[in-house]
Novice: 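Attaching a single structure in structure tokens format; questions to follow.
One is the number of the first residue; the rest follow in order along the sequence.
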Amino acid sequence: MRDAHGIEAEALARDFKGGIRAVDAIDLEVAPGEIYGFLGPNGAGKSTTVHMLTTLLPPTSGSARVAGFDVVREGAKVRAAIGAALQEAALDPLLTGREHLRLQTALHGMPKAQRRQRSQALLERVGLTEAADRKVKTYSGGMKRRLDLALALVHEPSILFLDEPTTGLDPQSRNALWSEVARLARDGVTVFLTTQYLEEADVLADRVGIIDHGRIVAAGTPTALKAEIGRPSVEAIPADAAELSAVARTLLHFGAPVPGSPKGASVRLDGGEEALADVVRAFDAEGLHLQHLQLHAPTLDDVFLAKTGRSLEGAGDELDAEPEPEPAPARA
């Protein structure tokens, strides 16, 4: 694939001092116009991958082409074709939102009349018209993320990289950013989205890749990946907390344990949904009374658990953060 709107990588790897391999020979292909969700816990290699694809960090080995250009030999052409909103927004707290956009349009060489028009259009697009002339230091976290997104869109890139764009945002701000990302994709922009949030990938992504310890352990559409797991899980919470051990023992007859509520027990049902009736009868036979019994369809977290042996949500707490890359050039 050599399309001007696509991304491809072959055996892409990055080593850091001390023999740390942050990204371990991964292969990627992102089709033009799709939203690709790149999932993984903290330290898995997500940000390092983005830094290589956006030319902020050279790969140790392997190759990658973004918008049809080699990230090593044609870095300037890659940067001209992409927009990037990375984890740390490079915003000046003493400038207003409008001033940030005027500066960014000037750095891209736009004529003066066009700068004003483009800045206003982007402020409207990300919902910041009322706050446009306020200093950024007065902005909420969600407003800063939306302004950073607007800055990444100034030159109308064909490919947009979003590195954990909703981390730390409240649900309302997160949903607003999701809506804007979906609209960009409908307009034909290819979106490479890294995230730790399973719901985010499920809602937005056409396809996902799951990375763990620098390697891609699963890739495909969310629906296809969940179908690989196939079997649902069942969660039971006893009416009497003292019966939790007995409830857990009873459930073990129907499948292997999976993470669930600390007040209850959960297993992956070997017999699928049809086994639920047998589970209910087993609890009745044991004289166990339940406060809550729920069947859960397979999730992306179940996929991660099946591929790695642990849950994705919170898995990053067990890992070291990714090594800090060398200082990168400014956005301009």
Side-chain angles (χ1 to χ4, degrees), residues 35-38 42 46-51 53-57 66 78-108 110 115-116 118-185 187 189-197 200 204 322 324-325 327-332:
I35 300 177
Y36 186 86
F38 203 42
N42 285 333
K46 301 189 304 296
S47 293
T48 300
T49 300
V50 168
H51 287 146
L53 294 176
T54 56
T55 77
L56 297 179
L57 196 62
V66 175
V78 171
R79 290 189 290 275
I82 67 172
L86 305 185
Q87 286 188 44
E88 295 297 327
L91 303 176
D92 187 328
L94 299 180
L95 294 180
T96 67
R98 193 184 306 278
E99 287 168 341
H100 274 92
L101 282 161
R102 292 278 180 85
L103 175 60
Q104 190 76 352
T105 53
L107 289 171
H108 278 286
M110 291 185 182
R115 293 178 208 167
R116 187 188 305 273
R118 183 63 177 156
S119 297
Q120 183 60 31
L122 286 168
L123 286 167
E124 292 174 2
R125 178 158 200 166
V126 299
L128 288 176
T129 51
E130 293 183 7
D133 297 307
R134 283 168 41 192
K135 293 185 186 299
V136 165
K137 67 181 180 180
T138 69
Y139 282 17
S140 67
M143 294 166 70
K144 290 177 182 177
R145 296 304 277 170
R146 281 184 279 148
L147 177 58
D148 200 40
L149 176 61
L151 293 170
L153 295 173
V154 159
H155 58 303
E156 299 183 89
S158 60
I159 300 175
L160 180 64
F161 288 88
L162 299 175
D163 193 8
E164 301 197 19
T166 61
T167 297
L169 297 189
D170 61 84
Q172 183 177 359
S173 297
R174 184 177 297 174
N175 287 335
L177 200 140
W178 286 357
S179 296
E180 184 55 37
V181 170
R183 182 164 63 159
L184 286 166
D187 290 345
V189 177
T190 303
V191 180
F192 190 95
L193 170 75
T194 76
T195 181
Q196 297 180 65
Y197 299 122
E200 189 159 80
L204 290 176
E322 292 181 48
E324 287 292 327
R331 183 195 298 276

Novice: Which pair of heavy atoms, one from I82 and one from H155, lies closest together, and at what distance?
Specialist: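 It is O-NE2, 2.6 Å.
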Novice: As an exercise, state the distance from OG1 of T49 to CG of L53, rounded to the nearest 0.5 Å.
Specialist: 6.5 Å
Novice: Grab the two heavy atoms, one from G83 and one from P157, that are nearest each other, plus how far apart they are.
Specialist: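 Smallest interatomic distance, heavy atoms only, reads N-CB, 3.3 Å.
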Novice: Flag the pair T105 / H108 as yes when at least one side-chain heavy-atom distance between them is below 4.5 Å, and no otherwise.
Specialist: no
Novice: Side chain to side chain contact (heavy atoms under 4.5 Å, CB included) between L101 and Q120: does it pass, once the steps are laid out?
Specialist: CA-CA 9 Å; L101 282 161; Q120 183 60 31; over 6 Å; no
Novice: Is it the case that R79 and T55 place a side-chain donor and acceptor less than 3.5 Å from each other?
Specialist: yes
Novice: Does some side-chain heavy atom of L193 sit less than 4.5 Å from a side-chain heavy atom of V181?
Specialist: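 Side-chain contact under 4.5 Å: no.
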Novice: Quick one: salt bridge (Lys or Arg N to Asp or Glu O under 4.0 Å) partners of R116, sequence neighbours excluded?
Specialist: none
Novice: Is a side-chain donor or acceptor of Y139 paired with a backbone partner of A131 at a separation under 3.5 angstrom?
Specialist: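 Yes; at least one donor-acceptor contact below 3.5 Å.
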Novice: Going by the rule side chain to side chain contact (heavy atoms under 4.5 Å, CB included), which residues pair with K137 if we only count those two or more places apart in sequence or in a different chain?
Specialist: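 Scan of K137 (side chain to side chain contact (heavy atoms under 4.5 Å, CB included), adjacent residues dropped) gives P93, L94, K135.
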Novice: The criterion is salt bridge (Lys or Arg N to Asp or Glu O under 4.0 Å); which residues satisfy it with E164, sequence neighbours excluded?
Specialist: K46
Novice: Under the ring-ring contact (aromatic ring centres under 6.0 Å, His included) rule, collect the residues that match up with F161, sequence neighbours excluded.
Specialist: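 In terms of ring-ring contact (aromatic ring centres under 6.0 Å, His included), with neighbours along the sequence ignored, F161 is linked to F192.
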Novice: Between the side chains of E180 and R146, is the shortest nitrogen-to-carboxylate-oxygen separation below 4.0 Å, so that they form an ion pair?
Specialist: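 Salt bridge absent between R146 and E180.
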Novice: Can you tell if the side chain of T195 reaches within under 4.5 Å of the side chain of L162, non-hydrogen atoms only?
Specialist: no
Novice: Under 4.0 Å between a Lys/Arg side-chain N and an Asp/Glu carboxylate O for R102 and E99?
Specialist: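 Looking at E99 together with R102, the answer is no, because their closest N to O distance does not fall below 4.0 Å.
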Novice: For R118 and L153, work out which heavy atoms get closest and say how close.
Specialist: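 Minimum heavy-atom separation between R118 and L153: NH2-O, 2.5 Å.
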Novice: Which residues pass the ring-ring contact (aromatic ring centres under 6.0 Å, His included) test with H100, sequence neighbours left out?
Specialist: none
Novice: Could you check M143 against V126 for side chain to side chain contact (heavy atoms under 4.5 Å, CB included), going step by step and ending with a plain yes or no?
Specialist: CA-CA 9 Å; M143 294 166 70; V126 299; over 6 Å; no
Novice: To the nearest 0.5 Å, what is the distance between CZ on R125 and CG on L149?
Specialist: 8.5 Å
Novice: Test of understanding: with side chain to side chain contact (heavy atoms under 4.5 Å, CB included), list the residues that count as partners of V189, not counting sequence neighbours.
Specialist: L160, L184, V191
Novice: Does R115 form a side chain to side chain contact (heavy atoms under 4.5 Å, CB included) with Q104? I'd like the steps, not just the answer.
Specialist: CA-CA 9 Å; R115 293 178 208 167; Q104 190 76 352; over 6 Å; no
Novice: Any sub-3.5 Å donor-acceptor pair from D148's side-chain atoms to K144's backbone N or O?
Specialist: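 No, the answer is negative, given that no donor and acceptor are paired below the 3.5 Å cut-off.
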Novice: Sequence neighbours left out, what passes side chain to side chain donor-acceptor pair (under 3.5 Å) with T54? Give chain and number order.
Specialist: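 Not a single residue meets the side chain to side chain donor-acceptor pair (under 3.5 Å) criterion with T54.
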Novice: Any idea which heavy atoms bring T194 and P165 closest together, and the distance?
Specialist: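 Nearest pair, atom of T194 first, then P165: O-CD, 3.7 Å.
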Novice: How far apart are the closest heavy atoms of D163 and S47, and which atoms are they?
Specialist: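 Reported closest heavy-atom pair: OD2-OG, 2.9 Å.
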Novice: Go through the structure and list residues passing side chain to side chain donor-acceptor pair (under 3.5 Å) with T190, not counting sequence neighbours.
Specialist: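 Per chain and number, T190 pairs via side chain to side chain donor-acceptor pair (under 3.5 Å) with no residue.
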Novice: Under the side chain to side chain donor-acceptor pair (under 3.5 Å) test, which residues partner S119, sequence neighbours left out?
Specialist: none
Novice: Could you pull out all residues at least two apart from S179 that satisfy side chain to side chain contact (heavy atoms under 4.5 Å, CB included)?
Specialist: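 In terms of side chain to side chain contact (heavy atoms under 4.5 Å, CB included), with neighbours along the sequence ignored, S179 is linked to no residue.
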Novice: For a 4.5 angstrom cut-off between non-hydrogen side-chain atoms, does V136 reach L147?
Specialist: yes
Novice: Of all residues at least two apart in sequence or in a different chain, which pass the side chain to side chain donor-acceptor pair (under 3.5 Å) check with D133?
Specialist: R98
Novice: Could you list the residues that satisfy side chain to side chain contact (heavy atoms under 4.5 Å, CB included) with T166, not counting sequence neighbours?
Specialist: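 For T166, the residues satisfying side chain to side chain contact (heavy atoms under 4.5 Å, CB included) (neighbours in sequence not counted) are L169, R174, L177, W178, Y197, E200.
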